[in-house]
Every structure is written in C-alpha cells, then in structure tokens.
A.B. asks: 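Let me begin by handing over the structure; questions about it come next.
Letters go in sequence order (proteins before strands), and every chain restarts at 1. Predicted model only: the values in this text are computed from it and were never measured.
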There are 2 protein chains.
Amino acid sequence: MIRVMIADDHQLFAEGLSQALDILPDTRVVGVVDSGPALETALETQPAEVSIVDIEMPGGDGIDTISGLGRRTNAIVVSMYASDEQKERAFRAGAKGFFSKGVPLVTLAAAIRAVADGRDLISLDDTARDELLEEYGQARLDPGAASLTEREKEILQLLAVGVSATDELADRLYISQKTVKNHLASIFQKLAVSDRTQAAIEAIRLGIARPN
Amino acid sequence: MIRVMIADDHQLFAEGLSQALDILPDTRVVGVVDSGPALETALETQPAEVSIVDIEMPGGDGIDTISGLGRRTNAIVVSMYASDEQKERAFRAGAKGFFSKGVPLVTLAAAIRAVADGRDLISLDDTARDELLEEYGQARLDPGAASLTEREKEILQLLAVGVSATDELADRLYISQKTVKNHLASIFQKLAVSDRTQAAIEAIRLGIARPN
DNA sequence: TCGGTGATGGGCCTCAAGGCCCAAATGGTC
DNA sequence: GACCATTTGGGCCTTGAGGCCCATCACCGA
C-alpha cells in the first residue's frame, strides 16, 4: 500500500483526487493539505511514500517546498499550466515526476507506483517515460489476489453486485451449484477470507469488482 | 439518483471529481467530456439532471455552451479563478450555480442536490446560499436506509469491514448471538436484501460504512 | 399514564453454506 | 507424451444463517 499525501489549495481537485486514489487497491491517501508549509508539517507526523504537489499555491510556490523535503517523500509535481520552465525548476528541486493536470488518472497512478518504487521519471525523455509508466500501469495485487483465475474473478464480480446466493450464481454462469461452491472455496483460500461476505468486500477493495 | 455530467478539459480534475461523486449514495456521474461542444453532444444521448461545467476549456468558453443547453440540464459553473465578472456572465447564461474550485466537495455535492431539486443558487446572496446548501447537506437515502437505527448502522459498519460471522459480531458488540441475528433480520427488511453479503454491499454503496 | 420504538433475548425449524476429499475433461507447455 | 492449471462436477457431513413468532425492559413523547 503506497501512502500518498496531496498538497493543493483547490479543495475540489484535492478531494476528488483523494477519493479516486483511495479506490485504487494499492494507494491510500493519508493526508490532504493546502499549502507548502502545511505539507512539511504533515509529513513530520504522517509519513508518505509519495506526495502530489501543486505548483500554484498561496503562501509560497510548491516547488520551493520540495527542496526542503529531501528524501522524506517522493514528490510528483502537478501543474495547471505545465511549461518546460516549470518542469526544469521541479527537476532542480528534486521532484521525481512532473505532470500537467490534463493527464488521465491512470497515468498519475502509474507514476505514483513508479516513484514509490524508487524510479525517477522527471529526467527521462517522453518516450522512455511512457514506457516506464506502461510498466507500472497495473496495480500490484496481493499475492493471493494475483493468482485468481478468470472464472474466480467472474464470480467475485457477481458477488460484489449482490448476486450472493449459490443458485443465482449457478444460473448466471450456466454451471452447477456444486461448481460454484468449489470456486468459492478456492477464492476463500486465495483471499484468506472465510465467507462470501468477506470475499465480496475484498473484491471491491482490490478493485476486482466495482459496486453500484 | 441524480445523474451528473462533467465538462472539464483537465482529466485529473474531471476523473477525480467523477470518482468522488460516484461514491456518494445519491449521485451518479454519467459522462465526462472535455469541451463545450462535446457536452452538448453528450447530453443528447445521455440525459443528466446536473452538469458541472468548467469555464476554462479549449475550443470555446464553457459559459457560451450553457446558453444553448436551455432546460435540458441544470448547469453549475466551476472556475479555477472565480471572479464576480465570471459569475455575472454565468448568471446571464442561465447557470444555476457558480463555484470556485477551491470549495470543499461537500459544498458542491449539496449544490448538486439543490439544483437537481429545481433550486437556483446563483441569484442568491452568500448567506442565503449557504443556508440553502445547509438544507441539502445530507444525501437523501432510500426510504429503507433512512429508517435504520443506530445499532443497525453499527452492525452494518462492522459487516462492511469484514466482521461477518455472527459470533464475532456478538463479541464485538457485547450482546448475544441471537440479538445480532434479530438486528440483521431487521436490516435485511429495511434494505430489501436477503443476506449479509448484500447488506454489506448496500452499506458500502449507501455510504453508511467505508470499506478498507 | 399510556403507547410507540428500540435493544435485548428466547425457541424452533429448515436449508444453505462451508469443509474435505476426489475425479474427469480440456488446453497449453515443456 | 507427460505434466500442470483450469473448469467442471460428485458425495458427505456439520454448523451456521435466515425465517417466524414472541417476551421483557428502558426510554421518550403525547
């Protein structure tokens, strides 16, 4: 689980991004602050592997803050109006990544995984950077969840939308109730849970299935 | 369920906000577009009670788009750098709300509920607007969920974090297993579900309990 | 003071859920 | 051809989950 701190004075952006990252199975937002100094303070009591820092913030430029953070966290700078000059400054301040707010969420998520893994994105050219991001595109699931088979994931998806009874699951999948129970037993073992309620929650948490 | 369309060219913002609104029990994001013309097109095939429109978008000002939408949707304008002049223009274009991106998410959520309910926020002064938003601060839950008692919510919260066995629930709450089962039976009826798996999913969906 | 509601519990009954072990067919890989 | 993972299915057994009806006590508002 990668702990992420967000520093941005636009609450709508910060809270939205926070929710979005919390939904990912391998990232957890541990704090949201609205200024550079607040970021420094927050990191003292709450460590975070990665910090998302906005450039445009009141009470001091976000980039100035990064220089003082040292190796306490890996900073990724995001900017509304990204320019080469800003990127250069972010690089000199020690940021590990630099993105416009126009990039898709999956790109930022991949970048978070990459810098949390010790990689440096900011010194790469665009093609090398995109290749690296491709490499980190998928959330690394728990060992158990990673070994789920297609059929097992299918059952988990149904579970997570409320198809919980054995006979309903069997009907939906055109297999016997016994086979459903066998798959479930295998799922329980892989996810280290003991019943379908816990399995459904795990499926939602891991992002294998979406509720609603 | 209030259907919401988001028009913003900054993907990180739009996707983050989208996830955040989807988590709320009474709002559903049905589309995300990145320009004014795309918003018009999207609304033709996918109706939405409320549209969140950014002012600053490429290929035409977001406010110009709103005038052409008429009563197809209720527009709420959000701006990075909110000014009185922008607010005035949004008002004349027929927007029902105007906010800076610096407002908290709960404020925007309340505004969405208010305008979906036919209210007009933009013509109110600040105090009257805040009072109205206060009124719409809480998500209106389904009739069943609204009648849940404190104890029932407590049980749902435990369920949603994986405490699914009757004996564990009884231990945590210092009551007998029989009482747990009685409460659960009551919960099933109120939420119109048939087992604890579905109840846990509903609890998460309704925002009564948080997973993770 | 009286009713309504919520929280606590009991009894009883039925069937589904989960545990355990096993087997056959399939499809890919070494 | 042999091996392995996946999917499908069986049998058997124990216990827990859920359905239904009822009782007591505390609290609160009319």
Side-chain angles (χ1 to χ4, degrees), chain A residues 138 140-206 208-209, chain B residues 138 141-206 208-209 211:
Chain A
Q138 286 301 311
R140 265 182 302 286
L141 299 175
D142 301 350
S147 66
L148 288 168
T149 68
E150 283 308 307
R151 201 52 153 174
E152 287 161 358
K153 289 181 190 170
E154 214 172 334
I155 289 178
L156 281 172
Q157 282 159 13
L158 287 172
L159 258 193
V161 296
V163 184
S164 54
T166 305
D167 55 354
E168 276 189 57
L169 287 165
D171 285 353
R172 296 281 196 107
L173 298 170
Y174 303 106
I175 55 179
S176 83
Q177 297 192 20
K178 193 63 203 40
T179 305
V180 170
K181 294 179 79 172
N182 285 339
H183 284 310
L184 280 169
S186 168
I187 289 171
F188 295 162
Q189 205 176 6
K190 288 181 181 177
L191 296 185
V193 300
S194 54
D195 58 42
R196 44 191 89 190
T197 301
Q198 294 176 355
I201 295 167
E202 267 299 287
I204 294 172
R205 197 185 67 81
L206 290 170
I208 293 167
Chain B
Q138 285 303 311
L141 298 176
D142 303 350
S147 66
L148 288 167
T149 68
E150 283 308 308
R151 200 53 154 172
E152 287 161 359
K153 288 180 190 172
E154 212 173 337
I155 289 179
L156 280 172
Q157 282 159 12
L158 287 172
L159 258 194
V161 296
V163 184
S164 53
T166 304
D167 56 354
E168 277 191 56
L169 287 165
D171 285 352
R172 295 282 196 107
L173 298 169
Y174 302 105
I175 55 179
S176 82
Q177 297 192 20
K178 192 65 200 51
T179 304
V180 170
K181 293 178 79 172
N182 285 341
H183 283 310
L184 280 169
S186 168
I187 289 170
F188 295 162
Q189 205 176 6
K190 289 181 181 177
L191 296 184
V193 300
S194 53
D195 59 42
R196 43 191 92 189
T197 300
Q198 293 175 357
I201 295 166
E202 268 298 289
I204 293 171
R205 195 184 71 79
L206 292 170
I208 293 166

A.B. asks: What's the CD-P distance between B:Glu168 and D:dG16, to the nearest Å?
C.D. replies: 12 Å
A.B. asks: Using side-chain heavy atoms (C-beta onward) and a distance below 4.5 Å, is B:Gln198 in contact with B:Leu191?
C.D. replies: no
A.B. asks: To the nearest Å, how far apart are B:Arg151 CZ and C:dT5 C1'?
C.D. replies: 16 Å
A.B. asks: How many whole angstroms separate atom CD1 of A:Ile187 from atom C1' of D:dT6?
C.D. replies: 13 Å
A.B. asks: Just wondering, are more than 12 heavy atoms of other shown residues or ligands nearer than 6.0 Å to CD in A:Gln189?
C.D. replies: no
A.B. asks: Please report, rounded to the nearest Å, how far the C1' atom of C:dG9 is from the CG atom of B:Asp167.
C.D. replies: 17 Å
A.B. asks: Of the options D:dG18, C:dA7, C:dG18, whose atoms approach the side-chain atoms of B:Lys181 most closely?
C.D. replies: D:dG18
A.B. asks: Starting at the 5' end of DNA chain C, which residue's closest nucleotide do you reach first, A:Lys178 or B:Ile175?
C.D. replies: B:Ile175
A.B. asks: Roughly, in whole Å, what's the span from CG in B:Asp171 to P in D:dG16?
C.D. replies: 13 Å
A.B. asks: For C:dG6, does OP1 or OP2 lie under 4.0 Å from any side-chain N or O of B:Thr149?
C.D. replies: no
A.B. asks: For C:dA7 and B:Thr179 - does any side-chain N or O of the residue sit under 4.0 Å from the phosphate oxygens OP1/OP2?
C.D. replies: no
A.B. asks: To the nearest 0.5 Å, what is the distance between NZ on B:Lys178 and OG1 on B:Thr166?
C.D. replies: 10.0 Å
A.B. asks: Does A:Asp195 get its side chain close enough to the base of C:dG18, under 3.5 Å, for a donor-acceptor pair?
C.D. replies: no
A.B. asks: Between atom CD in A:Gln177 and atom P in C:dC15, what is the gap in whole Å?
C.D. replies: 14 Å
A.B. asks: Figure out the CG/P separation between B:Leu159 and D:dA17, and round it to whole Å.
C.D. replies: 11 Å
A.B. asks: Given D:dT7, C:dA7, C:dG19, identify the nucleotide with an atom nearest to the side chain of A:Glu150.
C.D. replies: D:dT7
A.B. asks: Around B:Glu168, counting heavy atoms of other residues, nucleotides and ligands shown, do more than 12 lie under 6.0 Å from its CD?
C.D. replies: yes
A.B. asks: So among B:Asp167, B:Val163, B:Val180, which one has a side chain to side chain contact (heavy atoms under 4.5 Å, CB included) with B:Arg172?
C.D. replies: B:Val163
A.B. asks: Atom NE2 of A:His183 to atom P of C:dG19: distance rounded to whole Å?
C.D. replies: 16 Å
A.B. asks: Given D:dT8, D:dC21, D:dG9, identify the nucleotide with an atom nearest to the side chain of B:Asn182.
C.D. replies: D:dC21
A.B. asks: Could you tell me whether B:Ser176 contacts a base, only the sugar-phosphate backbone, or nothing, with contacts defined as non-hydrogen atoms closer than 4.0 Å?
C.D. replies: sugar-phosphate
